[in-house]
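Computed from a predicted model, the values in this text were never measured in an experiment. Naming convention: chains lettered A, B, ... in sequence-line order (proteins, then strands); numbering from 1 in each chain.
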Amino acid sequence: MVEFGSYLLGGVTSGIIYALLALALVLIYRSSGVVNFAQVGQATITCYIALTVQLRTGSWLLGLVTALIAGVLLGLIVQVFVLRPVRRSDPAGALIASFGVLIALQGVAGLVWSGEFRAFPQPFPDTPLVIGGAALPFSVYNLVTLIAAALLVVFLAWLFNRTDVGLAMRASAHNPEVARLSGVRVGRMIALGWGLAGLVGALAGVLVAPLTLLSPTSFNVLLVFAFTVAVVGGLESPVGAVAIGIFTGVVLSLVTGYTDATNTPLVALALLVISLILKPEGAFGHRATREV
Amino acid sequence: MVVVMTQPDLRVRDLSVRYGPVQAVSHVFLEAQCGQVTAVIGANGAGKSSLLRAIAGLVRPSGGEVHVGEDEITGGRPEEIVRAGVALVPEGRSTIPELTVTENLVLGALWHSRSQRGHTLVQVLDLFPALAERRHAHAATLSGGERQQLAIGRALMSKPKVLLLDEPSLGLAPMIVTQILELIQRLAEDTDLAVLLVEQNAVTALRVARRAVVLNLGRIVMTGTSEEIAADEQLRHAYLGY
Amino acid sequence: MAALFRIPGVRLIGSLLLVIVGYRIVYLWINDNVDPLMNFWIAQGAVYATALFGMVILVGLSGQVSLGNGALMAVGGYGFGVASLAWGLDPFPAVVVSVLLGIGFGLVVGVIAARLRGPYLAGLTLALAVGLPAIANRFPAALGGEEGLFVDVSYPPEQAVTAFGVRLWGPYDLDFPVERWQAWLAGALMFATLFVAVNLARGRQGRIWRAARDNPVAAALCGVNPANAKVLAFTVSSAAAAAAGAAFAQLLGVVSPGAFALGLSLSLLVGVVLGGRSSLTGAFIGAAILVALPQLVVQAAGSGGWDVRVTDNLPTILYGLLVVLVVILAPGGIVGSLTSGWRRLRHRG
């Protein structure tokens with residue numbers, strides 16, 4: 001029973017990280033209709049940047065802040081220089097280009113930081129928290145992850161629902177033509193969406209890095225998890241992404257705990273395949289209107 | 001007797017629009033004066049929508065000029081043209097169904113200050129009581145007529161000098177069409193707004209418009225007062241089909 | 001020439017002749033007269049071209065973006081490995097096993113994929129590319145785990161000569177280099193795949209694929225079932241990938257998760273995008289680039305005294321940048337740009 005509890009909480013923690021990455025995918029899908037496969041590549045780069053800053057200055061927080069800023073910039077760069085110039089009549093090209101960016105970024109990571117695995121040190125112990133002599137089934141690290149993710153989700157919800165920029169972004173995503181006719185600078189809103197997604201992805205990367213060793217391709221498997229979560233959640237639903245993310249994290253954590261870690265990619269794959277068979281448009285998605 | 005010259009608010013000179021080899025609008029001249037409705041009528045495919053979309057910046061004109069008062073807006077981007085005072089209500093009740101009524105309206109004036117925007121919102125909701133009642137509802141739940149009102153309301157939120165309306169009657173019940181168009185006419189007169197109304201339904205359009213332009217295959221075939229055009233039987237038969 | 005190929009009978013016989021002559025030219029004259037390293041590159045290029053024919057049909061003609069054809073190659077590679085190691089089959093029967101496996105697998109995934117819109121399909125295939133090789137880690141006993149299965153390259157190739165009943169290649173002697181045999185097998189598979197691909201792509205089925213891609217509703221009204229067309233494209237592409245995977249296994253001498261990593265799927269995407277998404281000729285060009293580019297980088301690195309980190313990562317970076325540039329500047333790839341340029345010239349003149 002104690003085991004189950006710790007698997008559960010560990011699952012919630014990793015689930016939140018999947019949820020964040022899925023959220024980044026959803027943010028971009030909603031604004032540009034593209035699944036940004038480069039997202040984990042961007043997160044890899046920002047994670048290395050955080051690592052470098054942290055090793056130089058000794059401050060985890062400074063590393064995190066640098067990563068977040070770099071994440072926003074990288075998101076903007078990818079949108080403005082890669083995805084914006086792709087012809088709108090070529091949706092396949094947009095997917096292919098984002099995949100190209102992913103691989104190029106991984107190459108850059110290997111070039112700059114080498115291909116070997118690096119440990120990502122962080123100041124929060126991953127051992128059970130002890131309060132009044134009783135060991136709780138979660139650690140300071142779990143707690144930090146939860147709080148950081150919760151803060152970010154609250155910030156995004158506030159931004160989208162309570163601010164002018166958020167309204168303009170939602171309008172640009174739902175109907176760019178009407179948004180432009182209303183005076184919204186849609187191009188900037190889409191770029192902003194990519195920047196925000198970059199921020200979310202960078203946070204996810206820095207939070208997940210201590211759990212795995214960092215290498216240029218170590219986040220690939222995360223891309224599958226995040227994509228699975230985003231698809232099961234419907235690709236357009238931020239709420240879906242968070243809910244399914246946590247669910248997936250728990251399932252994978254239980255699978256790892258009770259069977260074997262080598263099963264997790266297969267379970268994720270099975271989850272994705274089953275959900276695509278049952279609902280090709282995702283659980284929280286609504287069927288896109290067919291153009292005839 | 002003092003003659004007051006009204007300054008024409010929207011002037012279109014020699015405007016042409018091409019889509020590849022297809023010439024949708026050729027050398028169109030027209031003026032929409034403030035304080036009145038000017039109608040653009042003509043059959044399906046006459047180039048009416050292309051004309052409006054070119055004025056609003058959704059398509060780039062291949063030639064000609066568009067002026068609002070003293071400012072030239074030719075070839076500008078739609079988001080800049082609406083800020084210059086020209087608001088388009090495109091065909092087909094263009095609201096964003098995922099947003100609430102208030103959000104749809106506010107969207108039309110995001111670049112105004114909050115206080116100014118609040119002020120305009122009260123005015124627009126006064127104009128459309130049906131929207132005021134349902135201001136927290138999602139636009140998806142509105143009826144067709146309410147959605148058309150919402151689309152017009154969104155355009156009015158930007159405090160335009162010129163309002164471009166593309167087929168507001170499309171798919172609406174005749175009674176609602178009359179209501180909306182009469183409201184537009186009153187609005188033009190009361191607030192000195194220049195309205196350019198594109199309609200396939202010529203009878204309705206001529207009833208509210210002071211002047212009208214008849215378009216056929218992208219060219220102007222006649223310009224005149226609504227009475228002149230309504231009285232021209234040959235023209236009616238040839239281009240307006242009644 | 002191209003016009004003649006529209007006549008079904010001419011196409012069938014013509015492409016058969018073309019394939020046999022092409023094979024004889026490459027594998028009697030070129031293959032016998034180049035050094036082993038060149039033969040290795042020829043074999044590598046043939047493997048890429050085989051898989052790229054499948055990509056042209058899947059991505060180009062039927063419009064389904066797959067990021068996971070490397071995983072489909074893994075299916076063929078492991079099929080070949082298990083068939084030749086565990087079952088002790090000769091290379092040719094083992095290839096048949098792996099192609100059948102590829103057809104079966106492609107059919108299953110194709111049925112799921114046919115219902116999906118672009119981004120969902122791309123993500124599914126990406127998940128396959130990352131997830132499938134992990135199966136080998138899950139079953140180390142049968143599939144060799146991270147180390148992989150060591151495939152016997154079945155040298156010398158006597159049985160291959162009798163398998164065709166015709167003396168297709170020159171006398172075999174004791175100095176016969178293994179690379180030449182590898183190039184033979186990979187080349188035979190490439191030309192066989194080309195034969196199938198040309199006859200599908202240039203004929204009725206090619207028109208069906210294009211119709212279903214460009215306007216599924218109109219295609220359905222003309223009696224074409226767009227879903228079936230997509231499933232067939234996926235199956236053919238999977239079969240081609242499996243054949244390529246078998247040749248790849250024979251070329252590397254090992255099938256392991258590392259050999260079929262995500263980078264392989266990217267290489268295939270690079271090849272098909274650079275050559276031209278819907279051009280079989282483009283597949284040859286794409287394959288040549290895939291073989292040549294890393295060699296050029298290695299050579300430049302040698303003369304420039306570059307760090308090994310640069311040599312290791314520069315090809316990847318170049319691939320990524322090339323894909324992006326081609327998608328933005330020339331979506332038709334090399335062949336697409338050449339043909340549209342040629343057409344413009346002819347219209348002007």
Side-chain angles (χ1 to χ4, degrees), chain A residues 25 29 33-35 37 41 81-82 85-87 89-115 216-217 220-221 223-224 227-228 230-231 235 260 262-266 268-270 272-273 276-277 280-282 288 290-292, chain C residues 59 63-65 67 109 111-113 115-124 126-135 137-140 145 216-217 261-263 265-267 269-270 272-273 277 307-310 312-329 331:
Chain A
L25 295 180
Y29 187 76
V34 173
V35 172
F37 293 114
F81 292 104
V82 180
V86 173
R87 288 164 210 211
S89 56
D90 187 11
L95 288 172
I96 293 170
S98 80
F99 193 62
V101 173
L102 168 67
I103 300 296
L105 287 178
Q106 289 180 346
V108 169
L111 186 75
V112 178
W113 290 282
S114 96
T217 55
N220 279 351
V221 69
L223 176 57
V224 174
F227 182 79
T228 303
V231 162
L235 268 185
D260 192 333
T262 54
N263 284 327
T264 50
L266 299 180
L269 189 58
L272 177 66
V273 169
L276 286 177
I277 291 173
E281 303 286 334
R290 265 272 180 73
E291 277 174 46
V292 176
Chain C
V59 180
Q64 305 182 76
V65 176
L67 310 180
V109 181
V111 167
I112 301 169
R115 302 170 61 206
L116 304 177
R117 286 190 297 133
Y120 290 88
L121 171 67
L124 173 65
L126 175 77
L128 284 179
V130 177
L132 266 193
I135 289 182
N137 291 336
R138 183 67 196 83
F139 302 102
V217 176
L262 193 59
S265 293
L266 172 85
S267 301
L269 204 60
V270 171
V272 79
V273 170
R277 274 181 241 171
D307 194 272
V308 63
R309 261 186 352 203
V310 179
D312 280 353
N313 291 293
L314 197 58
T316 320
I317 298 175
L318 288 179
Y319 282 162
L321 292 180
L322 273 176
V323 164
V324 170
L325 283 177
V326 169
V327 165
I328 292 171
L329 299 175

**Item:** Non-hydrogen side-chain atoms of A:Leu223 and C:Val130 separated by less than 4.5 Å
**Value:**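 A side-chain contact is absent here, since even the closest heavy-atom pair is not under 4.5 Å.
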**Prompt:** Looking at A:Leu269, A:Leu111, A:Val224, which has the largest count of heavy-atom pairs under 4.5 Å with chain C?
**Reply:**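 Winner by heavy-atom pair count: A:Leu111.
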**Asked** Highest number of heavy-atom pairs under 4.5 Å with chain A: which of C:Val59, C:Asn313, C:Leu132?
**Response**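 The option with the most such pairs is C:Asn313.
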**Request:** Would you name the heavy atoms of A:Ala97 and C:Val324 that are closest together and state the gap between them?
**Result:**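 Taking A:Ala97 first and C:Val324 second, the nearest heavy atoms are O-CG2, 3.6 Å.
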**Prompt:** What part of A:Phe81 is in contact with chain C, defined as an atom under 4.5 angstrom from a non-hydrogen atom: side chain, backbone, both or neither?
**Reply:**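 The backbone, not the side chain.
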**Distance-minimising heavy-atom pair for A:Ala104 and C:Gly320** =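 Heavy atoms of A:Ala104 and C:Gly320 come nearest at CB-CA, 4.0 Å.
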**Item:** Flag side-chain contact, heavy atom, 4.5 Å: A:Thr217 against C:Leu262
**Value:**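 Counting from C-beta outward, A:Thr217 and C:Leu262 never come under 4.5 Å.
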**Prompt:** Do you know which two heavy atoms are closest between C:Arg277 and A:Ala92, and how far apart they sit?
**Reply:**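 Scanning both residues completely, I find the closest heavy atoms to be NH1-CB, 4.1 Å.
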**Request:** Sort out for me which residue in C:Val270, C:Val272, C:Val327, C:Leu266 forms a side chain to side chain contact (heavy atoms under 4.5 Å, CB included) with A:Ile96.
**Result:**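 Among C:Val270, C:Val272, C:Val327, C:Leu266, the one meeting side chain to side chain contact (heavy atoms under 4.5 Å, CB included) with A:Ile96 is C:Val327.
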**Prompt:** So which part of C:Leu269 gets closer than 4.5 Å to some heavy atom of chain A, the side chain, the backbone, both or neither?
**Reply:**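 Contact with chain A is through the side chain of C:Leu269 alone.
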**Heavy-atom closest contact (C:Ala122 atom, A:Leu95 atom, distance)** =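 Closest heavy-atom pair between C:Ala122 and A:Leu95: CB-CD1, 3.9 Å.
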**Request:** Select, from A:Phe37, A:Phe99, A:Tyr29, the one with the greatest count of heavy-atom pairs under 4.5 Å involving chain C.
**Result:**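 Highest number of heavy-atom pairs under 4.5 Å: A:Phe99.
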**Heavy-atom contact with chain C under 4.5 Å, split by part of A:Val112** =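 Looking at A:Val112, just its backbone touches chain C.
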**Request:** Grab the two heavy atoms, one from C:Ala127 and one from A:Leu272, that are nearest each other, plus how far apart they are.
**Result:**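 Minimum heavy-atom separation between C:Ala127 and A:Leu272: CB-CD2, 3.5 Å.
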**Prompt:** Looking at A:Ala230, A:Pro85, A:Pro265, which makes the most heavy-atom pairs under 4.5 Å with chain C?
**Reply:**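 Max contact count across the listed options: A:Pro85.
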**Request:** Could you tell me the separation between the CG atom of A:Leu276 and the CZ atom of C:Arg115, rounded to the nearest 0.5 Å?
**Result:**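 The CG atom of A:Leu276 sits 9.0 Å away from the CZ atom of C:Arg115.
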**Request:** Pick whichever of C:Leu124, C:Val323, C:Val65, C:Leu67 has the most heavy-atom pairs under 4.5 Å with chain A.
**Result:**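 Most heavy-atom pairs within the cutoff with chain A belong to C:Leu67.
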**Item:** Side chain proximity check, A:Val231 to C:Tyr120, heavy atoms < 4.5 angstrom
**Value:**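 Touching, per the 4.5 Å side-chain cut-off.
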**Item:** Part of A:Leu105 within contact of chain C (heavy atom distance under 4.5 Å)
**Value:**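 Neither part; nothing is under 4.5 Å.
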**Prompt:** Side chain, backbone, both or neither: which part of C:Val310 has a heavy atom under 4.5 Å from chain A?
**Reply:**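 Contact with chain A: backbone and side chain both.
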**Prompt:** CD1 of A:Ile277 to CG of C:Leu116: how many Å apart, nearest 0.5 Å?
**Reply:**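 It comes to 9.5 Å.
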**Message:** Under 4.5 Å from any heavy atom of chain A, what part of C:Leu128 do you find: side chain, backbone, both or neither?
**Reply:**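 Contact with chain A: backbone and side chain both.
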**Side chain / backbone / both / neither for C:Ile112 at chain A, heavy atoms under 4.5 Å** =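 Looking at C:Ile112, just its side chain touches chain A.
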